[in-house]
Structures are given as C-alpha cells and as structure tokens.
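Here's the structure, in structure tokens; my notes come after.
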Amino acid sequence: MTSPSSARNTTPILKVLKAHMPAMGPVLEVACGSGEHALAFSRAMPGLAWTPSDPDAAALASAEAWRADGPPNLEAPIRLDVTEETTWPDATFKALYCANMIHISPWSATEGLLRLAGRVLLNPGGLLALYGPYLEADAATAASNLAFDESLKARDPAWGLRSREDVVDVARDQGLAYTLRVPMPANNLMLLFRRV
C-alpha cells in the first residue's frame with residue numbers, strides 16, 4: 001500500500017524526530033498504516049530498532065512488503081490494537097511514535113495509546129511523539145481542519161479532531177509529561193511527551 005500523505009509528511013516529521021529521538025535503542029510505531037514511515041525512518045536513523053505495528057492485517061502485510069527493501073534495523077511488524085491490552089508487547093521501548101491515528105479512531109483508542117505509552121516507555125525519559133491535527137483552546141483552528149473534523153464525524157461519529165488539552169491531561173495521568181509542541185505543515189502538530 002502507498003499513502004500520498006505519508007509521502008508528503010515524511011521529511012518534516014523526520015526532521016523533528018531526528019532532533020528528539022534517542023541515538024540508539026528500540027522504537028515502537030503504533031498504527032503504522034502502509035509502513036512507509038517505518039521504512040523511511042529506520043533508514044534515516046540506523047541506530048534505532050524500529051518496530052511497526054497495526055491492528056489491521058492488510059496494513060501489516062503492506063508494512064512487511066516495504067520491509068523487504070528495508071535496512072536491518074527495521075523489525076518485523078506486529079499486530080497491536082491499543083484498545084486490547086492482550087496485544088500489547090511485553091517489552092520496553094526508548095520511544096513510541098504514532099501518526100494520524102488519534103482523530104481516525106474513537107477516544108478509547110487515544111486512552112489506550114497513552115496507557116500503552118505509560119506502560120512500555122523507558123522510565124524515566126522515554127519519548128512519545130504524536131503527529132496529526134488537533135483542536136487547541138489557545139489557537140484558532142484552520143478552516144480546513146474544521147472541515148476535516150466535520151467530514152470525519154460524518155464518516156463515524158466517534159471520530160474527529162481531539163483537543164490537545166484533553167490528550168495532555170490523559171497523558172499526565174499515565175506519567176507522561178508534555179514537553180513540546182511543534183507546528184507542522186498542513187495545519188498538523190507534533191506533540192512530544194516524556195515518561196517521568
């Protein structure tokens with residue numbers, strides 16, 4: 001599978017990740033989708049053992065197909081559903097990365113993602129990097145994001161852009177401190193958290 005949005009946002013996301021990821025160690029990507037980010041990021045950061053994950057069988061097959069052309073630090077994709085704790089890996093990671101999942105899933109998936117991060121991230125200091133569009137109390141929402149929010153809710157009432165403040169609150173409850181907000185192209189944000 002290929003994703004036009006993955007191709008567009010790989011370079012700006014990579015710039016932020018390279019500035020904040022550890023130099024070496026295991027990284028878990030949640031909701032890897034097509035697997036294109038996993039391939040690009042593992043190539044660009046060879047010290048990281050990058051494990052893509054997704055609950056969808058087609059996404060896992062795509063990630064495995066991309067892995068065939070990948071570097072040795074790109075691990076085999078694993079099935080992981082953030083709402084099903086029985087699928088969570090029994091391992092510790094130095095970083096966890098998740099792009100474009102929070103708004104295309106029910107709120108319970110965000111809660112599960114943050115519980116997972118609180119459980120599997122290296123304590124202290126493990127990095128959680130979240131990429132996507134958010135609503136913010138202290139910033140105007142772009143018209144395109146408001147329209148996107150409406151279209152998501154039309155597809156599934158449980159979907160939609162989430163409040164950055166709500167995400168930060170739930171993260172705090174899981175021992176994750178909000179450390180940085182990075183504006184990204186196309187009215188997206190990168191939100192960074194550290195395990196404390």
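In terms of modelled atom types and a separation under 3.5 Å, the side chain of Ser53 and the main chain of Glu29 share a donor-acceptor contact. Counting only distance, with no hydrogens or angles, the side chain of Asp173 and the backbone of Val170 share no donor-acceptor pair below 3.5 Å. Side-chain atoms of Arg67 come within 3.5 Å of backbone atoms of Leu74 as a donor-acceptor pair (strictly under, hydrogens ignored). A distance-only check finds a donor-acceptor pair linking the side chain of Thr87 to the backbone of Asp81 [under 3.5 Å].
With values rounded to the nearest 0.5 angstrom, Phe93 atom CZ is found 11.5 Å from Leu122 atom CG. Going from atom OH of Tyr97 over to atom CE of Met190 covers 5.5 Å, rounded to the nearest 0.5 Å. Here the CG-CG distance, from Leu180 to Leu189, works out to 10.5 Å after rounding to the nearest 0.5 Å.
For the ring-ring contact (aromatic ring centres under 6.0 Å, His included) condition, no pair includes a residue of residues 8-33, sequence neighbours left out. Screening residues 62-92 for ring-ring contact (aromatic ring centres under 6.0 Å, His included) gives no qualifying pairs among residues at least two apart or on separate chains. Under the ring-ring contact (aromatic ring centres under 6.0 Å, His included) criterion, the residue pairs touching residues 165-196 are Tyr178-Phe193, with sequence neighbours excluded. Applying the side-chain hydrogen bond (donor to acceptor under 3.5 Å, both in side chains) test to residues at least two apart or on different chains, the pairs with a partner in residues 99-108 are Trp107-Glu111.
Clustering of Ile, Leu, Val, Met, Phe, Trp and Tyr side chains at separations under 4.5 Å leaves Met24 isolated, with no partner residue. Taking Ile, Leu, Val, Met, Phe, Trp and Tyr as hydrophobic and joining them when side-chain heavy atoms fall under 4.5 Å apart, one finds Phe148 in a cluster with Ile104, Leu135, Leu152, Trp159, Leu161.
Partners of Asp149 under the side-chain hydrogen bond (donor to acceptor under 3.5 Å, both in side chains) rule, at least two apart in sequence or in another chain, are Lys153. Not counting sequence neighbours, Arg155 has no partner by the salt bridge (Lys or Arg N to Asp or Glu O under 4.0 Å) test. Checked against side-chain hydrogen bond (donor to acceptor under 3.5 Å, both in side chains), Thr179 has no partners two or more places apart in sequence or in another chain. With sequence neighbours excluded, no residue forms a side-chain hydrogen bond (donor to acceptor under 3.5 Å, both in side chains) with Glu150.
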Exercise. Determine, stepwise, if the pair Leu176 / Arg195 fulfils side chain to side chain contact (heavy atoms under 4.5 Å, CB included).
Key: CA-CA 5 Å; Leu176 302 163; Arg195 186 75 172 87; 3.9 Å; yes
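Counting non-hydrogen atoms of other residues, nucleotides and ligands closer than 6.0 Å to CG of Asp138 gives a total above 12.
Cluster membership check: Met101 shares its hydrophobic cluster with Ile78, using side-chain heavy-atom separations under 4.5 Å among Ile, Leu, Val, Met, Phe, Trp and Tyr.
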Tell me which donor-acceptor pairs under 3.5 Å the side chains of residues 38-45 have, and how far apart each pair is, sequence neighbours excluded?
| residue | atom | partner | partner atom | Å |
| --- | --- | --- | --- | --- |
| Ser42 | OG | Ala38 | O | 2.8 |
| Ser42 | OG | Leu39 | O | 3.1 |
| Arg43 | NH2 | Asp69 | O | 2.8 |

Show which side-chain atoms of residues 8-18 pair as donor or acceptor with protein atoms under 3.5 Å away, not counting sequence neighbours.
| residue | atom | partner | partner atom | Å |
| --- | --- | --- | --- | --- |
| Asn9 | OD1 | His37 | NE2 | 2.7 |
| Asn9 | ND2 | Ser5 | O | 3.0 |
| Thr10 | OG1 | Ser6 | O | 2.5 |

